[in-house]
Amino acid sequence: MKLEDLSKSYDPKQYEEEIYRAWEQSGFFNPDSLPNAERRKPFSIVMAPPNITGHLHVGHALENVMSDVLIRRKRMENYKPLFLPGKDHAGIAGQFAVEKELKKEGKTRADLGREKFLERVWEYMREIGSNIDQELKGLGISTDWSRARFTMDEAYQHAVENVFLHYHKKGYIYRGKRVVNWCTRCRTTLSDLEVEYTEEQGKLYHIAYGQIDIATTRPETKLGDSALAAHPADARYTEWIGKDITIETSDPTVPRDKKPKMSKINLHVVADIAADPQFGTGVIKVTPAHDMTDYEIYTRHPEINIVQIIGENGRMNKNAGVRFEGLTVMEARDLMVEDLTTLNLLKKAEDYTHAVAHCDRCKSVIEPLLSDQWFLKMDKLALHAQRAIEKNKVTFVPENRKQIMLDWIAGIRDWNVSRQLWWGHRIPAWRCECDEKTKPARPDSRSGGWHIGLMAPTELCRRCKKPWQQTTDVLDTWFSSALWPFATLHWPDETNDLKTYYPTSVISSAREIFYLWIFRMLFSGLEFMGRPPFKTIFVHPTILDKSGRKMSKSVGNIVDPMKLIGEYGIDAVRFGLMWQVMSTQDIHWSEDALRAGKKFLNKIWNSGRFTLAQIGTQNRTLRKPRATRPHTQKILASLEATSKTVRANIETYEFGTALHTLYDFYWHEFCDVFLEEVKKDPSSETHQVLFYVFASSLKLLHPFIPFITEKLWELTPVQNKTLLIVEEL
RNA sequence: GGACGGUUAGCUCAGUGGUAGAGCAAUCGCUUUACACGCGAAAGGCCGCAGGUUCGAAUCCUGCACCGUCCACCA
């Protein structure tokens, strides 16, 4: 291409595709294929695998561009950087996405059945998965596609099974009946971290319980009451402790079409620290099957019994009595309030704002329910993580995240790892009919009568000669994500990749998944690899809208990175993202930064055209020229200073400062001042310096805006030139 | 209820003890042969509020207000 053919303004669309293809064809995204790979030191980042449920959002773009800046920089610093891409099957989110599609066809997953449904999920994953790959490539990131992983790959599934068996062998896995977060729509449990609380306007009902009044937001749970509790130090109630009191209630045996009837029941009164003397009357009604706190009270007082009144479908079950059975929780609440009013037991109902639990995924209200689930004991695993953090085996950026993580670990509870979903890793737990009869699941028996291990589906039970049945429960999606930094490198096989690239250099994570993912990778890495899975945890900023609100579909303030790329080009979007990253402060999204980027690219382009025209076509070496004149000396010194600042800033993840520094240097010192000097003094020395500063600037800018710099590099007459991505800084 | 962060030009943000800065927008002048996605010039801020330390504070300390995020079993 001749210089005269270059357009007067930079047109990204003209070059982006061709350049990305050239990079891919070079094989340089694969660190093993780099020149002198054996002599380079490893550097590695595993991509936070996007969920295959939709499109990339601007947060993905930010995170991956930041990682890519590091990777590209390290490649030019003679490391062999691995940027490992992949995708997550996203258990509940994945299943929910496909269910939503089915709903449009008027079907549910039950209509298809497990097998057919899973086929459908796989189909969906393949389709959406390849879209996501395209979108990632659209960001210009230099990931090694030959190493791409998916959490449902066969090898990955083996790793997951391996981990489960390991934990079981160590006694960390147990099956227990607990009050869990139950999503009545998804029909599965959720871990505490997958529950989202929203402040909602409700009512606080004051109900007469014998001589005591009790306040509750959920009067329908009255049907499952099995005790009352007061604080042991609460003098008002000491005489009641240990005794039964008689309370009046709506008789649940009266059919719904009849008027409510008063009936009496006895409730035992216990002393328990969970009761706050300051709140209401200081007495709590205890409904152990449907409230976490109440369940804990129950575990401390063996004399209390437990009655489940809400079923997994979110409706009242037969324990609630004919009057309430079959009603949804909300319907039951209304009826109970109506009955209590009629029976004159409702003292008052005041407006009350309280936190209501919702399913992170489908936003349905969570019902706390008593349920048999698999748990992972967290005490030892958390302790190891805690020690590693305390001994600074991992670095947190920003630093204050360290203490935040430690505080959180201190209050950790066992992890409910089972899910009643179809899409996910099946738990390797088996049983057969005879086993079920002879060894019924007892609460808290280690595996509740299940046999844990790997079995062929054809294997028969020795006792009854019938085939073993595998549990239909699957694992929490984060159980597999926790293994990402080593399972992607083929653990448990001791591969070269594992030896070379574990531990990874830095993990870049959204605050949102700090506990959900980062913490779990940390203890998993320690448990299975004996070392933390990353040296540095970089908790990157969250992109909010201009007024500081979280981006969400319902608010309609989402920014689509692909649309922006279509409008501004990849480099301008990368520039705009990095321009706004100041330390780890959240970003109030402003498209101005993209406009600034676009203008800057144009400036680079035209200064490039000018420079190339000035220096002629003869190949030059990249050696630093000697400068004898003030303007050449000045620009070389300035380049040196810029280079140092940029290096320091990238090392400390100060992407915005690095880019601002480059911008100021390039535009205001190189273009505004030096290029004007060149016009006045077109000497050989000036041209040598011009060439050197221009070429050096392209290298420094490349990690941020790789396309335009690669294109200009191609046009620059450099001796023994390769692609810019592998040029030495 | 706890933890953390923010509050500087119209908007998005730098600046962390010595006369206030950038990008974008707005104003005025330039069809100067790299670039009008440009060049030059001018304009714009009692640096959230109230105290304190200091010769001197946007910058350090204390308190308060507002905004935001995360964590927490308050019925």
Side-chain angles (χ1 to χ4, degrees), chain A residues 3 6-11 179 181 192-193 196-197 204-207 214-219 221 228-229 273-287 291-297 352 354-355 357 368 398-401 403-408 410-413 510-515 539 541-542 544-550 568 572 575-576 579-614 654 656-657 659-661 663-664 667-668 671-672 675-676 678-679 694:
Chain A
L3 276 184
L6 297 179
S7 58
K8 283 178 91 172
S9 59
Y10 175 62
D11 174 19
V179 172
N181 306 300
D192 297 340
L193 293 174
E196 197 179 85
Y197 288 87
L204 185 64
Y205 299 94
H206 295 259
I207 303 167
I214 274 179
T216 181
T217 52
R218 304 197 56 192
T221 60
L228 294 174
I273 46 153
D276 176 2
Q278 306 300 317
F279 189 94
T281 54
V283 179
I284 330 182
K285 63 192 263 315
V286 183
T287 319
D291 186 280
M292 310 260 178
T293 310
D294 293 5
Y295 183 79
E296 277 166 31
I297 297 174
Y352 191 69
H354 64 300
E399 274 176 62
N400 65 8
R401 287 284 138 190
Q403 195 54 46
I404 293 174
M405 177 73 90
L406 285 172
D407 290 347
W408 184 79
I412 198 159
R413 305 203 296 181
R511 262 203 309 277
E512 231 181 4
I513 51 175
F514 190 54
Y515 309 117
V539 185
T542 306
L544 309 169
D545 73 6
K546 208 163 192 165
S547 46
R549 288 171 309 177
K550 239 175 154 173
Y568 293 91
F575 178 99
W579 183 256
Q580 296 183 75
V581 175
M582 294 327 264
S583 298
T584 53
Q585 287 316 317
D586 282 351
I587 293 166
H588 289 199
W589 180 254
S590 166
E591 219 170 293
D592 288 345
L594 275 67
R595 275 186 279 276
K598 203 176 160 221
K599 288 184 176 186
F600 185 47
L601 295 177
N602 204 52
K603 190 72 181 174
I604 294 172
W605 184 250
N606 282 296
S607 56
R609 285 171 57 224
F610 175 78
T611 301
L612 296 174
Q614 291 289 315
E654 294 287 356
T657 309
L659 189 53
H660 278 83
T661 305
Y663 178 96
D664 288 342
W667 196 313
H668 300 303
C671 293
D672 286 354
L675 292 190
E676 296 307 316
V678 172
K679 288 176 194 169
F694 178 68

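Note that these values count all heavy atoms, side chains included, but never hydrogens, waters or copies made by symmetry. Letters go in sequence order (proteins before strands), and every chain restarts at 1.
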As its Watson-Crick or G-U partner within any shown strand, both distances under 3.5 Å, B:rU16 has none

Any strand is fair game: report the nucleotide pairing with B:rA72 by Watson-Crick or G-U wobble, both distances under 3.5 Å, or none. none

Given ring pair (Phe, Tyr, Trp, His ring centres under 6.0 Å), test A:Trp408 with A:Phe514 step by step and report yes or no. CA-CA 11 Å; A:Trp408 184 79; A:Phe514 190 54; 8.5 Å; no

Are A:Lys550 and B:rC70 close enough that a side-chain N or O sits under 4.0 Å from OP1 or OP2? yes

Can a side chain N or O of A:Tyr197 be found less than 4.0 Å away from OP1 or OP2 on B:rC70?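 For B:rC70, neither OP1 nor OP2 has a side-chain N or O of A:Tyr197 closer than 4.0 Å.
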
Applying salt bridge (charged side-chain N to carboxylate O under 4.0 Å, His left out), can you list everything that pairs with [X], at least two apart in sequence or on another chain?
X        : answer
A:Asp586 : A:Arg511
A:Asp592 : A:Arg595
A:Glu676 : A:Lys679
A:Asp192 : A:Arg413

Answer with base, sugar-phosphate or nothing: what part of the nucleic acid does [X] contact at a heavy-atom distance below 4.0 Å?
X        : result
A:Gly282 : base
A:Ala215 : base
A:Ala274 : base
A:Asp276 : base
A:Ala593 : nothing
A:Tyr205 : nothing

Between the protein and nucleotides 37-44 of chain B, are there any N/O to N/O pairs under 3.5 Å, and if so, what are the atom names and distances?
| from | atom 1 | to | atom 2 | distance (Å) |
| --- | --- | --- | --- | --- |
| B:rC37 | O2' | A:Asn602 | ND2 | 3.3 |
| B:rC37 | O2 | A:Lys598 | O | 3.2 |
| B:rC37 | N4 | A:Ser9 | OG | 3.3 |
| B:rG38 | O3' | A:Lys603 | NZ | 3.1 |
| B:rC39 | OP1 | A:Lys603 | NZ | 3.2 |
| B:rC39 | OP1 | A:Trp667 | NE1 | 2.6 |
| B:rC39 | OP1 | A:Asp672 | OD1 | 3.3 |

Just the atom pairs and distances: protein N or O near nucleotides 12-16 of chain B's N or O, under 3.5 Å.
| from | atom 1 | to | atom 2 | distance (Å) |
| --- | --- | --- | --- | --- |
| B:rU12 | OP1 | A:Lys546 | O | 3.2 |
| B:rU12 | O3' | A:His588 | O | 3.2 |
| B:rC13 | OP1 | A:His588 | N | 3.0 |
| B:rC13 | OP1 | A:His588 | ND1 | 3.3 |

Whole-Å C1' distance, B:rA22 and B:rG15: 10 Å

